[in-house]
Amino acid sequence: QVQLIESGGGLVQAGDSLRLSCATSGLTFSMYSMGWFRQAPGKEREFVAGISRNSSTTNYADSVKGRFTLSRDNAKTTVYLQMNSLKPEDTAVYYCAAALTSSISDVPRNYAYWGQGTQVTVSS
């Protein structure tokens, strides 16, 4: 059974940092590119960042470039999203997802497995 479990969300003030983790099990982690998406109330789920199987490539949404850093530890089958300089508009439920592809996709339907999400709330 494949599981993706996010953690690290919370309530912070603008300018603060958070580190989200996504621990996986039940899949051959090194075969999957990993992505983070977020969904705010009343909005569609949007791509935040993605990382290739071997960490050689990362992609970021323009809205988070320079503030968020995505990394993965294939030995620990875990992916991390370091979020700095958080803004109120970053408030959303953050989901990690796994795609059995070599390239990074920003399209949710290309991801086979999803976590349950973790809430990030940034107050002004």
Side-chain angles (χ1 to χ4, degrees):
Q1 180 182 0
V2 175
Q3 287 189 309
L4 282 67
I5 301 175
E6 302 98 335
S7 61
L11 172 62
V12 297
Q13 293 186 331
D16 286 350
S17 298
L18 280 176
R19 189 194 196 203
L20 304 184
S21 298
C22 174
T24 74
S25 61
L27 52 76
T28 306
F29 185 72
S30 60
M31 295 296 293
Y32 288 78
S33 62
M34 299 296 295
W36 283 92
F37 291 77
R38 67 187 181 187
Q39 188 165 19
K43 295 188 177 181
E44 293 186 353
R45 191 167 297 190
E46 65 172 358
F47 175 79
V48 174
I51 189 166
S52 61
R53 295 171 175 174
N54 62 359
S55 302
S56 61
T57 306
T58 51
N59 287 347
Y60 298 92
D62 288 344
S63 59
V64 307
K65 278 181 183 176
R67 299 188 298 121
F68 290 13
T69 302
L70 182 57
S71 61
R72 64 188 292 164
D73 185 333
N74 282 3
K76 295 182 177 179
T77 67
T78 300
V79 63
Y80 306 97
L81 183 66
Q82 178 67 41
M83 306 187 296
N84 298 331
S85 302
L86 283 162
K87 304 175 181 181
E89 50 263 44
D90 294 319
T91 296
V93 177
Y94 283 71
Y95 300 89
C96 74
L100 190 60
T101 60
S102 58
S103 58
I104 299 168
S105 174
D106 60 0
V107 178
R109 67 174 180 271
N110 289 336
Y111 287 78
Y113 301 108
W114 291 82
Q116 81 289 348
T118 186
Q119 177 70 48
V120 172
T121 303
V122 184
S123 64
S124 58

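Since the model is a prediction, treat every value here as computed from it, not as a measurement.
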Chemist: Looking at OG1 of T24 and CE of M34, how far apart are the two atoms once the value is rounded to the nearest 0.5 Å?
Modeler: 6.0 Å
Chemist: Please name all residues satisfying salt bridge (Lys or Arg N to Asp or Glu O under 4.0 Å) with K43, sequence neighbours left out, ordered by chain then number.
Modeler: none
Chemist: Tell me every residue that passes salt bridge (Lys or Arg N to Asp or Glu O under 4.0 Å) with R72, counting only those two or more places apart in sequence or in another chain.
Modeler: none
Chemist: Would I104 and Y95 show up in the same hydrophobic cluster when neighbours are defined by side-chain heavy atoms closer than 4.5 Å?
Modeler: yes
Chemist: Can you name the closest pair of heavy atoms from Q119 and V93 and give their distance?
Modeler: OE1-CG2, 3.2 Å
Chemist: Considering non-hydrogen atoms only, spot the tightest contact between S33 and T101 and give its length.
Modeler: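 Smallest interatomic distance, heavy atoms only, reads OG-OG1, 3.1 Å.
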Chemist: Holding to salt bridge (Lys or Arg N to Asp or Glu O under 4.0 Å), I want the full list of residues that pass it with R45, two or more places apart in sequence or in another chain.
Modeler: none
Chemist: Could you pull out the closest heavy-atom pair between S30 and N74, with the gap in Å?
Modeler: CB-ND2, 3.8 Å
Chemist: If every non-hydrogen atom of T78 is compared with every non-hydrogen atom of A23, which pair is closest and at what distance?
Modeler: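 Minimum heavy-atom separation between T78 and A23: OG1-CA, 3.9 Å.
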Chemist: Donor-acceptor pairs under 3.5 angstrom involving side-chain atoms of residues 79-88: please list them, not counting sequence neighbours.
Modeler:
{"from": "Q82", "atom 1": "NE2", "to": "N84", "atom 2": "OD1", "distance (Å)": "2.8"}
{"from": "N84", "atom 1": "OD1", "to": "S17", "atom 2": "OG", "distance (Å)": "2.9"}

Chemist: For the CG atom of L20 and the CZ atom of F68, what is their distance to the nearest 0.5 Å?
Modeler: 8.0 Å
Chemist: Out of curiosity, Y94 OH to C22 SG, how far, rounded to the nearest 0.5 Å?
Modeler: 14.5 Å
Chemist: Take V120 and L18 through the side-chain contact (heavy atoms from CB on, under 4.5 Å) test and state the conclusion after the steps.
Modeler: CA-CA 9 Å; V120 172; L18 280 176; 3.9 Å; yes
Chemist: Output all residues satisfying ring pair (Phe, Tyr, Trp, His ring centres under 6.0 Å) with F37, sequence neighbours left out; order by chain, then residue number.
Modeler: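 Ring pair (Phe, Tyr, Trp, His ring centres under 6.0 Å) check on F37 returns F47, Y111, W114.
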Chemist: I'd like a table of donor-acceptor pairs (distance under 3.5 Å, sequence neighbours excluded) in which one partner is a side-chain atom from residues 5-14, with atom names and distances.
Modeler:
{"from": "E6", "atom 1": "OE1", "to": "Q116", "atom 2": "N", "distance (Å)": "3.0"}
{"from": "E6", "atom 1": "OE1", "to": "Q116", "atom 2": "NE2", "distance (Å)": "3.4"}
{"from": "E6", "atom 1": "OE1", "to": "G117", "atom 2": "N", "distance (Å)": "2.9"}
{"from": "E6", "atom 1": "OE2", "to": "C96", "atom 2": "N", "distance (Å)": "2.9"}
{"from": "E6", "atom 1": "OE2", "to": "G117", "atom 2": "N", "distance (Å)": "3.3"}

Chemist: How long is the span from the CZ atom in R67 to the OH atom in Y60, to the nearest 0.5 Å?
Modeler: 12.0 Å
Chemist: Can any side-chain N or O of S52 pair as donor or acceptor with the backbone N or O of T57 at less than 3.5 Å?
Modeler: yes
Chemist: Please round to the nearest 0.5 Å and tell me the distance separating atom OH of Y113 and atom CG of L27.
Modeler: 7.0 Å
Chemist: Of E44, E89, E46, which meets salt bridge (Lys or Arg N to Asp or Glu O under 4.0 Å) against R38?
Modeler: E46
